[in-house]
Amino acid sequence: MSHNSSATTLSRPVISTRTSTGVWWGLLGVIAFSFTVPLTRVAVEGLSPLFIGAGRAVVAAILAALALALTRQRFPRGRQWLRLAVVAGGIVAGFPLLTTFALTSTSASHGAVVIALLPAATATAAVIRGRERPRPLFWVLTVVGVIAAVVFAVVQSGGFGSLHWADLLLLAAVVAAAIGYAEGGLLARELGAWQTISWALVVASPVMVLLTVVSLGSGAPSATPLQWLSFAYLGVVSMFLGFFAWYRGLAIGPMAQVSQIQLVQPVMSIAWAGLLLGETMTWTTIVGGLAVILCAGAAVRVRLRR
């Protein structure tokens with residue numbers, strides 16, 4: 001599906017692409033998202049991963065439905081519903097559930113390094129979505145970045161034979177989020193930034209409510225106030241308010257350029273992990289993080305200079 005094939009009956013984009021504020025909106029979103037991994041690590045100490053991954057989406061969906069109703073937003077049309085399902089599958093269901101289960105058995109700083117692949121993955125999804133033909137160097141750097149992330153995971157796990165399933169979940173989460181970001185960034189130009197994530201949350205809500213109910217099968221959740229506060233942040237900010245800024249930045253674009261801002265997200269997440277969780281930085285974390293970030297940044301820049 002080409003970029004032009006997704007046009008709607010709107011005569012002009014909901015969000016103007018003529019301004020240069022996309023980077024600042026993107027940065028605001030990244031700051032909000034940078035707390036997600038450390039606070040997820042806090043929450044899983046007292047709450048089940050299924051409850052966290054699904055329940056936070058339910059909290060955000062309630063807020064989204066209220067916002068859409070109070071502002072009387074128009075309903076999406078035609079293929080926009082299918083595209084919203086793609087966004088929902090990637091960032092409402094896929095990324096939260098996969099990262100939450102992964103962080104039950106790995107540190108926040110480790111997760112942040114693997115997730116550092118996200119900028120290059122988002123740029124790759126944007127290239128595929130727009131049927132572009134970037135220079136071969138783009139693909140080389142992207143592959144090198146993936147290899148760097150895998151090597152990091154292998155070294156931290158103690159070898160290929162002991163590579164942990166959490167790393168596979170984190171890599172799958174990166175792919176899911178990249179697809180959701182790319183499609184959502186395009187859709188935000190038609191529906192609006194906060195409207196896109198709001199409709200995606202509503203679309204995913206039946207499944208997420210069902211999963212939340214299933215997670216309560218063993219009894220009501222019990223956690224400390226800090227763990228509940230972390231869960232609240234994940235539902236209100238990570239799943240809802242943060243996307244207001246992020247999708248607005250992607251919509252203003254250019255998408256691949258704004259996606260570069262994600263390169264600072266793992267650095268922030270690792271810093272929060274040290275400050276909030278007391279995690280110590282090892283040389284493998286530092287070297288692995290730098291390698292992945294540099295490869296991701298180079299890949300995105302090559303994509304921009306096509």
Side-chain angles (χ1 to χ4, degrees), residues 29-60 87-122 125 146 149-150 152-153 156-157 163-181 184 197 200-201 204 207-208 211-212 215 227 230-240 242-243 246 259 262 265-273 276-277 279 285 288-289 292-293 296:
V30 164
I31 292 173
F33 295 150
S34 67
F35 288 95
T36 300
V37 171
L39 293 184
T40 299
R41 191 70 183 86
V42 172
V44 296
E45 292 295 326
L47 300 168
S48 74
L50 182 59
F51 176 80
I52 295 170
R56 65 195 255 190
V58 173
V59 171
V87 176
I91 61 174
V92 178
F95 186 82
L97 287 169
L98 291 168
T99 53
T100 302
F101 277 97
L103 289 169
T104 60
S105 57
T106 191
S107 68
S109 56
H110 181 102
V113 171
V114 179
I115 294 173
L117 282 171
L118 192 50
T122 301
V146 173
V150 172
F152 165 78
Q156 288 251 302
S157 301
L163 185 63
H164 204 278
W165 61 271
D167 294 303
L168 299 178
L169 293 179
L170 290 170
L171 290 172
V174 167
V175 174
I179 294 172
Y181 282 165
I197 183 59
L201 286 163
V207 174
M208 305 313 282
L211 291 177
T212 302
S215 72
Q227 290 161 354
S230 298
F231 174 79
Y233 183 94
L234 295 174
V236 176
V237 180
S238 295
M239 286 295 295
F240 191 54
F243 280 103
W246 179 241
S259 71
Q262 285 181 307
Q265 184 172 327
V267 178
M268 292 181 181
S269 294
I270 292 172
W272 303 143
L276 301 177
L277 306 180
E279 294 183 2
T285 299
V292 174
I293 290 170

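Heavy-atom basis, side chains included; hydrogens, waters and symmetry copies ignored. Numbers here are sequence positions counted from 1.
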What's the spacing between Phe240 CZ and Leu234 CG if we round to 0.5 Å?
15.5 Å
Could you report the tightest heavy-atom contact between Val30 and Gln265, atom names first, then the distance?
CG1-CB, 3.7 Å
List the residues meeting side-chain contact (heavy atoms from CB on, under 4.5 Å) with Leu171, not counting sequence neighbours, and say none if there are none.
Val114, Leu117, Val150
Separation between CD1 (Ile197) and CE (Met239), nearest 0.5 Å, reads 6.0 Å
Rounded to the nearest 0.5 Å, what separation is found between the OG1 atom of Thr40 and the CZ atom of Phe101?
12.5 Å
Answer whether the closest heavy-atom distance between the side chains of Ile115 and Thr99 falls below 4.5 Å.
yes
Would you sort out whether Trp246 and Tyr181 count as a ring-ring contact (aromatic ring centres under 6.0 Å, His included), showing the intermediate values?
CA-CA 9 Å; Trp246 179 241; Tyr181 282 165; 5.5 Å; yes
For Thr100, what residues pass the side-chain hydrogen bond (donor to acceptor under 3.5 Å, both in side chains) criterion, not counting sequence neighbours?
none
For the student: nearest non-hydrogen atoms of Ala57 and Leu201, plus distance
O-CD2, 4.0 Å
Could you go through residues 45-56 and list every donor-acceptor pair under 3.5 Å that involves a side-chain atom there, pairing it with any protein atom two or more places apart or in another chain?
unit_1: Glu45; atom_1: OE2; unit_2: Arg41; atom_2: NH1; d: 2.7
unit_1: Ser48; atom_1: OG; unit_2: Phe51; atom_2: N; d: 3.1

OG on Ser269 to CG on Leu39, rounded to 0.5 Å:
9.5 Å
Measure across Thr122 and Ala178 and return the closest heavy-atom pair with its distance rounded to 0.1 Å.
N-CB, 3.6 Å
Nearest atoms (heavy-atom pairs only) where Ala108 meets Leu277
CB-CD1, 3.9 Å
Residue list, side-chain contact (heavy atoms from CB on, under 4.5 Å) with Ile270, at least two apart or on another chain:
Ser109, Ala112, Val113, Met281, Thr285
Looking only at heavy atoms, which two atoms of Ala200 and Ala88 are closest? And how far apart?
O-CB, 3.4 Å
Trp272 to Pro38 - nearest heavy-atom pair and separation:
CB-CG, 3.8 Å
How far does CG of Leu103 sit from CG of Leu170, to the nearest 0.5 angstrom?
6.0 Å
Apply side-chain hydrogen bond (donor to acceptor under 3.5 Å, both in side chains) to Ser230 and list each qualifying residue two or more places apart in sequence or on a separate chain.
none
Can you list the residues that meet the side-chain contact (heavy atoms from CB on, under 4.5 Å) rule with Val58, with sequence neighbours excluded?
Ile62, Met208, Val209, Thr212
To the nearest 0.5 Å, what is the distance between CZ (Phe95) and CG (Leu118)?
6.5 Å
